[in-house]
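Chain naming here is simple, since letters A, B, ... match the order of the sequence lines and numbering starts at 1 in each.
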Amino acid sequence: MAKVAQVVVDVPTMQTNHPYSYEIPVKWAQTVQIGMRVVVPFGKGHRQVQGFIVAMDQPSHYDGQLRPLTALMDPEPVVNQEMLALSKWLADDTYSFWISCLYAMLPAALKGKNKRLVRIVDEIGEQDAAEIFHNLDEIDFATIADQPELVQRVTKLKKQKKVVFDYQVEDRARKKYVAGIKPLLDFGRYEDERQAIAKNAHAQNRLLSYLQNLNGQLVEQKDAIKASGLSAATFRLGEKRGWLKKVPIEEYRQPGGPIPQQLTRPLKLNQEQRVAFGAISQAIRSGGHSKPFLLEGVTGSGKTEVYLQAIAAALDIHKTALMLVPEISLTPQMVRQLRGRFGAKVAILHSSLSQGERYDEWRRIMNGAAQVVVGARSAIFAPLKNLGLIIIDEEHEPNYKQEDSPRYQARRVAEWRSHYNHAVLVLGSATPSLESRSRAHVGLYHLLRMKQRVNHHPLPSTEIVDMRPVVSREGETNFSPRLLALLADRLQKREQSILMLNRRGFSSFVMCRHCGFVLKCPNCDISLTLHMASHTMRCHYCGHEEPIPQVCPQCHSRKIRYYGTGTEKVATELAQLLPAARVIRMDVDTTRRKGMHERLLKEFGEQKADILLGTQMIAKGLDFPNVTLVGVLNADTGLDLPDFRASEHTFDLLAQVSGRAGRAQKPGHVVIQTFNPTNYAITLAQQHNYEKFFATEMNLRYRAGYPPYYYAVKLMASHAEQSVALRAINQIAQQLHTNLAPSTVVLGPSPRPIARMKRRYYYQIVIKYKKDPILHQLLTQILNNTQQKGFRDVQITIDPDPQYFM
DNA sequence: AGCACGCCGACT
DNA sequence: GTCGGCGTGCTC
């Protein structure tokens, strides 16, 4: 009885979100394994799609006629048991398709490209032959897919059976090969050959002794030529004589430059570092279950060195280690540090790698060549075997949450993997997320604290500049006289400055330039966003709406307007105010080109500029010894976003950016310009007082019923027609109201800020709950129902951990 | 997603 | 009478 393969197919819809049974042809009975990619026929016609074998069982539970697998795409599995289990859990946990989760874990190169070719099999009209097929026998359907008229004509031809569709799944995975030389004979046989050749055949003689000395070892032809001094022709001759064989050697594209020759040594740890490292390394060695560690260390407390030594501790007992960092801090400096300590054992997964590089790094991890992985969010899926340690640096970073499907939070995936592998999980931050910190508070995490800076330098002094009088005195400006004076002073002393422009929530809310008043929702205590299309201020949390104010309701000033500014404008202003200063501007515009990010930072590091002006991207991980002044031009923009995490993000950002000043000998100074000089997020950031911020913010969250006191789920419905979307969301709201626990709060439905996106109308519901045992099941059911009657073409998305509610 | 089946309006 | 519109249901 042939085995049956259970295959999850690459058709991301609700109805097909389960494995399908396929017959395994006898010729592959020995080769197929769970976790391999396959090509299978799917549906009517001759459609072929890619899929993953997720199980193999004896008789199938399906009693219809099975179709056989079309092809195996991999010689060995690309998904191991752990990843398979993880993908299944993730799909359920994030309300995503299983297939989407599988792809999320793999390099893009492994996503097969579905091709549909149209082939002529009978006489067709001259006009069709010319206009559709350009007089060829076969074309790719994709080339005409965007021209409805041609599609129609092709469909007609297909009906008449004059053309057929030929479906192919094209594997994008490309390995790079270089020529290699493999000696075929053993030592003695080479000796015999040498006796046999002509006395004057010097080249052949040298080739034979070269091959003899290889001792059967495989070498790259390029190296062989160099080492032996022989020509490629001689090696060709050797192949003909049967002395050697030319074989392709897989080459791994190596991003991040060469491996250093000399590895760095561990640094001596101070008392606090020793305590932290001691606890972590002991947990690693014990190999059992351990609570996650929350490593709370001020900027400059030497967290990185603790991480490095913890990784070394894992490697010592032959385990592997995975480290996540925010994309933006995955700088060449950082890569150098890891490569410097662990050399070729490190694989780097970075968004700016090419598809091929990414694939190669992934294969190095898969085959065990790399035992340490450093990367951004998606690196949490790195297929390391025998995982002993997972580190998430800057764990509070919102970027660890993926904002499109599958909407996973890397921290949560890390917990799953650490559980599965009995691996130690370390979450590190100077300003832990409220979620993590409160978990530490109740004992779910083990809290480790490092309060001292390694170099014993004090944290930079920080001053707050109230921009309200500045603007009323001097009109619109991004620079207070105080900040300008300090910039001029640094310029004169030949020291460098960093200016950060906070662009979060660019021009989306209205603020009074006179008193700092921000219009808030009367029901939700969250600021209203400007909705230009309808000329209203709207709360996207509860749906409240009111007209755009002309005068400030608080101080009756007319200087109420929406707030937002760009780096370009600031740079222009700066050039007028401080013409002597050399400025490097860094934002999405100037760093779009590959490598620009690094180049600009390098230039600044080489002191080719006096001022680095940029957006949030300059707040993290940069370390320039000559920077003694950091200015935050507009601390407020993040603060008044309609986002319950706004204060937290502002505090984190200010703490983060302050850490950029005074890294070396010279003391640093920080200037924060704001229209809200008394706001607690700003004053507490000034005092570097995380503890008090934590207490204050937790209190607010408690009173407003936000995370971490409540969990939140965001559900969205969209449709091309507003009435249909509205009907759908109302029906869902109804279901929720009647079924959920009384303590669960259902907010909305309300339209999204950009109610119409991509020609679709969006509505959303936010559910806040403390404990609701049936919620998950109910949501899953709602998702299933949506693919049926009345919900045609309605798109439902559910986000189990929304970062914001707008 | 992509395809077929099936039931209603305007055409060779 | 049939061609083709898209609403509905299914894919191992």
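Among the nucleotides B/dA4, C/dT11, C/dG4, the one closest to the side chain of A/K44 is B/dA4.
Counting any heavy atom pair closer than 4.0 Å across all strands shown, A/Y22 reaches sugar-phosphate atoms only and no base atom. A/F141 comes within 4.0 angstrom of no nucleic acid atom, judged by non-hydrogen atoms across all strands. Nucleic acid contact for A/P19: none, since no nucleic acid atom lies under 4.0 Å from a heavy atom of the residue.
A/Y62 qualifies as a stacking partner of the C/dC12 base, centre to centre under 5.5 Å and near-parallel within 30°. The aromatic ring of A/F42 stacks onto the base of C/dT11, its centre lying under 5.5 Å from the centre of the six-membered base ring with the two planes under 30° apart.
One interatomic measurement links the two molecules: CZ of A/F165 to P of B/dA1, which rounds to 17 Å at whole-angstrom precision. The CD1-P distance, from A/I24 to C/dC12, rounds to 16 Å in whole Å. Per the geometry, CH2 belonging to A/W98 stands 18 Å off P belonging to C/dC12, to the nearest Å. One can place CG of A/D793 at 12 Å from C1' of B/dA1, the figure rounded to the nearest angstrom. The nearest whole Å value for the distance from the CD atom in A/Q15 to the P atom in C/dC12 is 14 Å. Between A/N17 atom CG and B/dA1 atom P the separation is 13 Å, expressed in whole Å. Across the protein-nucleic acid pair, A/E23 atom CD and C/dC12 atom P stand 13 Å apart, rounded to whole Å. Here the P atom of nucleotide B/dA1 and the NZ atom of A/K111 are 12 Å apart, to the nearest Å.
Both A/T16 and A/K158 lie close to DNA chain B; mapped to their nearest nucleotides by heavy-atom distance, the more 5′-ward contact belongs to A/T16.
Under the 6.0 Å distance and 45° angle rule, A/K115 does not count as a cation-pi partner of A/F141. A cation-pi arrangement is present between A/R363 and A/Y359 under the rule of less than 6.0 angstrom and at most 45 degrees off the ring axis.
Distances shorter than 4.0 Å separate none of the side-chain N or O atoms of A/R47 from OP1 or OP2 on B/dG2. Residue A/Q152 places at least one side-chain N or O closer than 4.0 Å to OP1 or OP2 of C/dG5.
Using cut-offs of 30° and 60° on the angle between ring planes, the pair A/Y408 and A/F381 is perpendicular. Using cut-offs of 30° and 60° on the angle between ring planes, the pair A/Y711 and A/Y769 is tilted.
More than 12 heavy atoms of other shown residues, nucleotides or ligands fall within 6.0 angstrom of atom CG in A/N367.
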